[in-house]
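To start, the structure itself, in structure tokens.
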Protein chains: 2
Amino acid sequence: MTQKSQQLAATAWARLIRAQRTALEKVEQDLKEEDFPPLVWYDVLLELERAPEGMLRHRALNDEMLLPKHNLTRLIDRMEKQGLVCRKSCNIDKRGSFVCILEKGKKLRNKMWPVYEKAIERHFAGKFSSNELNMLADLLARL
Amino acid sequence: MTQKSQQLAATAWARLIRAQRTALEKVEQDLKEEDFPPLVWYDVLLELERAPEGMLRHRALNDEMLLPKHNLTRLIDRMEKQGLVCRKSCNIDKRGSFVCILEKGKKLRNKMWPVYEKAIERHFAGKFSSNELNMLADLLARL
DNA sequence: AAGTAATAGATGTAATTGCAACTAGTTTTT
DNA sequence: AAAAACTAGTTGCAATTACATCTATTACTT
């Protein structure tokens, strides 16, 4: 590890942290301005919608989202309270439970998407050529 | 905006969010395992140490760190309580205040750095060639 | 110079997150 | 088959963060 490569590593690292934080903040801001809930909510809804029958084990959802489990419990609590998702008990494993997306949840996700998409374009993708986006995606995939 | 480029944008975006979150979490974990405070503390200390005379206006520090201001107030409260930094009133602008790094703060930063450096290498930089790191840094600089 | 607007930073309070412990159920070991 | 170890998900409580508001001071306007 030379002095120089060490320097390079630190710079790239700082950029990564900073770039993501900045872009994410702006995107979240755009969503908030339209009175939409935060991005994690969108992520949950998306994962559920993609899953067969619109439902996933709490655990499986947890693995997709990068959240500590207790944290997800409460996120689902809130979303359930809003009527976006619901829990179903699991017959196979009585400890566990499923989380299912409801109509209202699907509708919300659909309304959020165009805003989200535009925000991604504006604050992130728009700043790169498609070549660069590909490169970036490939590089980041290693982490 | 074609369907395909839209898809690409979404993928790259997801990777950015995910990659940063994953890597950051691991690095924070490494620090925590050595009983060090979270990364923001390090950042504050570093900014202060770099600043002339080891002090910065609250505002200036705030601009460097990407934090809401009320949030920084409390972060400094905590760090002050640990004797790492202190506040000094500002003569030029009596509303404002300076934040200064103390000996203990410098020492802490010095002890943290090797651990932090190793963690960056392990969870981030080590996964790329130096060419790639350069590319990544350049690309991310646009955000 | 008086009045209004803007800025620096702090504070009260609510929402969210993190951590440890807990309950209930399942799997493994002996 | 009983005991021990493990897993799924929840809950209590403390720490942190967000949001709105407040105070003191400075800058702008007329």
Side-chain angles (χ1 to χ4, degrees), chain A residues 21 24-44 47-48 51 55-82 84-100, chain B residues 21-22 24-33 35-44 47-48 51 55-82 84-100:
Chain A
R21 205 177 286 174
L24 184 57
E25 192 177 309
K26 288 179 187 160
V27 169
E28 291 266 22
Q29 191 53 41
D30 281 11
L31 285 171
K32 197 178 313 172
E33 262 157 34
E34 308 259 351
D35 285 312
F36 285 129
L39 256 179
V40 252
W41 288 44
Y42 182 91
D43 289 341
V44 168
E47 289 299 337
L48 290 178
M55 63 201 285
L56 274 178
R57 281 290 291 275
H58 187 117
R59 181 67 211 284
L61 186 52
N62 210 337
D63 291 343
E64 292 304 323
M65 324 282 311
L66 303 164
L67 286 176
K69 62 184 173 164
H70 54 275
N71 215 326
L72 182 60
T73 296
R74 271 142 184 177
L75 176 54
I76 300 301
D77 285 349
R78 277 170 251 148
M79 294 180 72
E80 199 171 23
K81 212 173 289 174
Q82 300 293 320
L84 302 169
V85 301
C86 68
R87 282 181 237 243
K88 272 192 185 170
S89 57
C90 172
N91 296 329
I92 306 147
D93 183 340
K94 280 176 190 164
R95 290 167 303 183
S97 70
F98 287 102
V99 184
C100 328
Chain B
R21 205 175 288 173
T22 309
L24 184 57
E25 192 177 309
K26 288 179 188 161
V27 170
E28 290 266 21
Q29 191 53 41
D30 281 12
L31 285 171
K32 197 178 312 172
E33 263 158 33
D35 286 311
F36 284 130
L39 256 178
V40 252
W41 288 44
Y42 183 90
D43 289 342
V44 168
E47 290 299 339
L48 290 178
M55 63 201 286
L56 275 177
R57 282 290 292 273
H58 188 119
R59 181 67 211 287
L61 186 52
N62 209 341
D63 291 342
E64 291 305 323
M65 323 283 313
L66 304 164
L67 287 176
K69 62 182 174 166
H70 54 274
N71 216 326
L72 181 60
T73 297
R74 270 140 184 179
L75 176 55
I76 300 301
D77 285 350
R78 278 169 252 150
M79 293 179 73
E80 199 172 23
K81 211 174 292 175
Q82 300 293 321
L84 301 170
V85 301
C86 68
R87 283 181 236 245
K88 271 191 187 172
S89 57
C90 172
N91 297 329
I92 305 146
D93 183 340
K94 281 177 189 163
R95 290 168 302 184
S97 69
F98 287 102
V99 184
C100 328

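Small disclaimer: the values here were computed from a predicted structure and weren't measured. Per chain, numbering begins at 1; letters A, B, ... match sequence-line order.
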> Out of D:dT7, C:dG9, D:dT10, which has the shortest distance to the side chain of A:Thr73?
Replying inline: D:dT10
> Any idea which of C:dT17, D:dA24, C:dG25 is nearest the B:Arg95 side chain?
Replying inline: D:dA24
> Quick one: on DNA chain D, does B:Pro38 or A:Lys32 contact a more 5' nucleotide (nearest heavy atom)?
Replying inline: B:Pro38
> Which atom pair, heavy atoms only, marks the closest approach of B:Glu28 to B:Pro38?
Replying inline: OE1-CA, 3.5 Å
On the nucleotide [N], are OP1 or OP2 found under 4.0 Å from the side-chain N or O atoms that [X] carries?
X	N	answer
B:Arg78	D:dT17	yes
B:Arg87	C:dG9	no
B:Asn71	D:dA18	yes
A:His70	C:dT16	no

> Just wondering, are more than 12 heavy atoms of other shown residues or ligands nearer than 6.0 Å to CD in A:Glu25?
Replying inline: no
>> Looking at A:Arg59 and C:dG25, is any side-chain donor or acceptor paired with a base atom of the opposite kind under 3.5 Å?
In response: no
> Quick one: does A:Arg57 reach the base of D:dG9 with a side-chain donor-acceptor pair under 3.5 Å?
Replying inline: no
>> What contact category does B:Ile92 fall into here, base, sugar-phosphate, or nothing, at under 4.0 angstrom with non-hydrogen atoms?
In response: sugar-phosphate
>> Within the 4.0 Å heavy-atom criterion, would you say B:Asp77 contacts the bases, only the backbone, or no part of the nucleic acid?
In response: nothing
>> Taking side chain to side chain contact (heavy atoms under 4.5 Å, CB included) as the criterion, tell me which of B:Val99, B:Asn62, B:Asn71, B:Leu84 meets it with B:Ile76.
In response: B:Val99
>> Are A:Arg78 and A:Lys81 packed together at the side-chain level, in the sense that at least one heavy-atom pair is separated by less than 4.5 angstrom?
In response: no
> Does A:Lys94 or B:Lys69 map to a spot on DNA chain C nearer the 5' end, using the closest nucleotide for each?
Replying inline: B:Lys69
